[in-house]
Amino acid sequence: MVVPDSEDNVFYPPIDLQQDAHVPNFNSYLELYKKSIESPEAFWKDVADEFFWKKPATGPILQYNFDVTKGNIFVKCLEGAKTNICYNVLDRHVKDGNLGDKVAYYWEGNSPDHHSEITYNQLLSQVCRCANVLKKMGVQKGDRVSIYLPMVPELVYSMLACARIGAVHSVVFAGFSSESLCERIVDAQSSVLITADGVYRGEKLINLKQIVDEALEKCKERGCSSVTKCLVVKHQALRTKSGAACNKLQTPWDPSCDVFWDDAMRDSSDQCEPEWMDSEDPLFILYTSGSTGKPKGVLHTVAGYLLYTYLTFKYVFDYRHGDVFWCTADIGWITGHSYITYGPLANGATSVLFEGIPTYPHVGRLWEIIQKYKVTKFYTAPTAIRLLMKYGREPLQKYDLSSLQILGSVGEPINPDAWLWYHSVVGQGQCPVVDTFWQTETGGHVLTPLPAATPLKPGSATFPFFGVEPTILNEHGEELEGEAEGYLVFRRPWPGIMRALYKNQERFENTYFKKFPGFYVTGDGCRRDKDGYYWITGRIDDMLNVSGHLLSTSEVEGALTEHPGVAEAAVVGRPHQVKGECLHCFVSLKGSTEFNHSLVQELKTLVREKIGPIATPDFIQNAPALPKTRSGKILRRILRQIARNDRDLGDLSTLADPKVVEQLFNQRNEGSA
Ligand code: WT7
């Protein structure tokens, strides 16, 4: 790693931020990095010492095998230790840290009329009550609880309540369809489901309970009746001021299974002894798209995840007491798990919990909230930045954003244009932009700048976090030194890396460890420049990144081919100004089916219903034939070029019938936008 000598487009950390920062300059980053790699034991011991351990570890900080040729893949952190993550992120602050009256969350609803403050004391008491409710429903250590909630405080209460009693939470993003929810319940065999009656997204009212009931119905059709209780939060936006229900929704109700959150919580005690967990006991499952279609249940465990989310939050956002942190992600994604729930709470931080969307009731909504709560550290996705860029500076100029100190980006490569706008317009040139690269699987940031230490290059996630050892490999698995481009892999684990795919060791090993024995394979391409900076070049598997969310092309293809008129479908990504990437679908129709507007609408609806609105195709193109090799393999490279209208095709000799390509180019605009 070399610091660039003053070049164009390199942004050095502001001097006043450097003065009392945790990692104040590049040399101190290098020193700490060296320690984390050469003496991981000593490095992580200092971190572990900040937490409460019911029983100390008997094993080393990390034990692992990353080499499939030598046996099963495994990672263990602090073997033998006993602790509870809920105790560490709540009780510890209240008891020893005197943070009981500190605000843990400023909750801001979809409508500016709805907001509340939750202190650490209140949070602890709500979590204990909820934990007792779950126990009463029969939930025991190791049982799975599915959570399908919008961004309301009860979502955090539920997760921490599970963690407190040793249940494994599986949060499902409340924008997913009943089909997706069902699939995730069946895989986890959850015994309890926590949801809400409904939620407003912008002006749209969504009947969540109805989606839940459809999902449970589908579960039963597939022989899964694991869910015995459904705990239902009545959303504030669906009550009158006095708290009574108002009749905006028909909430389907089955008294043998459904329990109203308030009724259950009313008589529940706010004292609950935490379950002391082994360091490697499971904490949660979070499903992420997989390239074979079926989502993968990424499993994280207690101790390593605690250490890693704590430390990345502290260093990457240079956390100090007094900060107001705001991560705009939904908790249904890993970003929310690590940087709304666990990382900030482990640090005793104050966060904003925002339920709404950036454009409702007006396009200055995010800036208004930054002003309202004097947000100091702000963390969002490039897709949101690109969306808001379109409205220019004016919506920002109405608000005072001078509280901001650090800006973060996550979810997809950030294009330099968006980076520069974020830096100069949102941050007024005063705030470093930390472009954090990571994955559901990594648990926390793995490539990232440290705001006071790392000279920034717009578009680069810069350097590895402590304990992380990246390498770039070529097709043959050879390590590339210096300036290079290839597969991004990691040579060793860090405490927060996933431990398994839930009940599927084989898929775990095949997906991440088989291609290059000895390495964890991210699935991303990466370039290292002459100064040692890492630049993510995008996915190199069959995954697409739409608005920062990974989608599996084969999952969308599977949904399309469920239509009786579709014989074959192939889906590729194509650049999109706001979403980064969007879906371009090629469909080959069966004999008599006609390609027309209503078919296109049917297909779009089908995908929405099967997967969720985020997967809605932007383009659907009629493809009487697809470009295939003589052995019948679809050449996606060519489809990507057709989607982009890039005619620089190169060698087509492997194609069975090259005429197909010209045909598809000509019909490109007959599709649907
Ligand atoms: C994939 C992981 C990690 C939280 C959100 C997504 C892409 C993520 C960056 C970044 C370039 C990025 C990668 C990665 N990605 N952050 N800063 N620069 N690409 O979690 O759904 O597990 O997706 O998102 O392709 O593999 P996820």
Side-chain angles (χ1 to χ4, degrees), residues 171-173 175-176 284-291 295-300 308-309 312-313 316 327-343 379-386 407-416 418-419 422 433-449 454 456-465 468 470 487-490 496-498 501 511-512 520-527 533-553 555 573 579-581 611-612 614-615:
V171 178
V172 180
F173 171 55
F176 273 126
F284 66 83
I285 305 168
L286 183 58
Y287 289 86
T288 182
S289 304
S291 56
K296 302 176 295 206
V298 171
L299 185 94
H300 284 281
Y308 203 68
T309 53
T312 46
F313 180 79
V316 173
C327 165
T328 66
D330 193 287
I331 291 181
W333 312 108
I334 190 70
T335 310
H337 278 61
S338 299
Y339 300 110
I340 299 178
T341 307
Y342 290 104
Y379 192 31
T380 195
T383 181
I385 301 166
R386 289 191 298 262
L407 301 173
S409 171
V410 59
E412 56 185 306
I414 179 164
N415 47 310
W419 195 102
Y422 200 26
V433 173
V434 287
D435 174 2
T436 61
F437 167 83
W438 58 297
Q439 309 176 297
T440 306
E441 293 87 342
T442 69
H445 310 136
V446 283
L447 297 180
T448 177
T454 315
L456 304 169
K457 297 189 186 189
S460 167
T462 75
F463 299 113
F465 189 74
V468 172
Y487 293 86
L488 176 65
V489 301
F490 295 105
I497 192 176
M498 71 188 301
L501 288 179
T511 310
Y512 304 104
Y520 165 81
V521 181
T522 59
D524 284 289
C526 184
R527 180 168 71 80
Y533 282 66
Y534 289 89
W535 301 74
I536 302 297
T537 54
R539 301 290 305 183
I540 38 186
D541 49 15
D542 286 341
M543 305 292 279
L544 298 180
N545 192 322
V546 178
S547 300
H549 303 308
L550 280 193
L551 287 175
S552 138
T553 49
E555 201 178 356
K579 302 181 190 181
E581 235 178 345
I611 305 170
I614 48 169

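Start at 1 and go down the list; that is how both ligands and their atoms are numbered.
At a heavy-atom distance under 4.0 Å, only side-chain atoms of Arg539, from C-beta outward, approach ligand 1. Contacts between Asn545 and ligand 1 below 4.0 angstrom, taking non-hydrogen atoms only, involve the side chain exclusively. Contact annotation: for Gln439 versus ligand 1, heavy atoms closer than 4.0 Å belong to both the backbone and the side chain. Looking at Ile414 against ligand 1, nothing comes within 4.0 Å, counting heavy atoms. For Pro413, heavy-atom contacts with ligand 1 shorter than 4.0 Å involve the backbone as well as the side chain.
An N or O contact shorter than 3.5 Å links Asp435 to ligand 1 by distance.
Nearest protein heavy-atom neighbour of atom 2 (C) of ligand 1: Trp438 O, 3.6 Å. In this structure, the protein non-hydrogen atom closest to atom 7 (C) of ligand 1 is Gly411 O, 3.3 Å. Looking only at protein heavy atoms, the nearest one to atom 26 (O) of ligand 1 is Asp524 OD2, 2.4 Å.
Within the 3.5 Å criterion, the main-chain N or O of Arg527 finds no donor-acceptor partner in the side chain of Tyr533. Proximity of a side-chain donor or acceptor of His549 to a complementary backbone N or O of Asn545 within less than 3.5 Å is not detected.
Using a 4.0 Å cut-off between a side-chain N of Lys or Arg and a carboxylate O of Asp or Glu, Glu581 and Arg539 do not qualify as a salt bridge.
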List the steps, then state whether side-chain hydrogen bond (donor to acceptor under 3.5 Å, both in side chains) holds for Tyr339 with Thr436. CA-CA 12 Å; Tyr339 300 110; Thr436 61; over 6 Å; no
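Ligand 1 places these atoms under 4.0 Å from at least one heavy atom of Thr335: 4 (C), 5 (C). With ligand atoms numbered from 1 in the order given, ligand 1 contributes 20 (O), 21 (O), 22 (O), 27 (P) to contacts under 4.0 Å with heavy atoms of Thr440.
In this comparison of Leu550, Leu286, Leu447, the heavy atom closest to atom 1 (C) of ligand 1 sits on Leu550.
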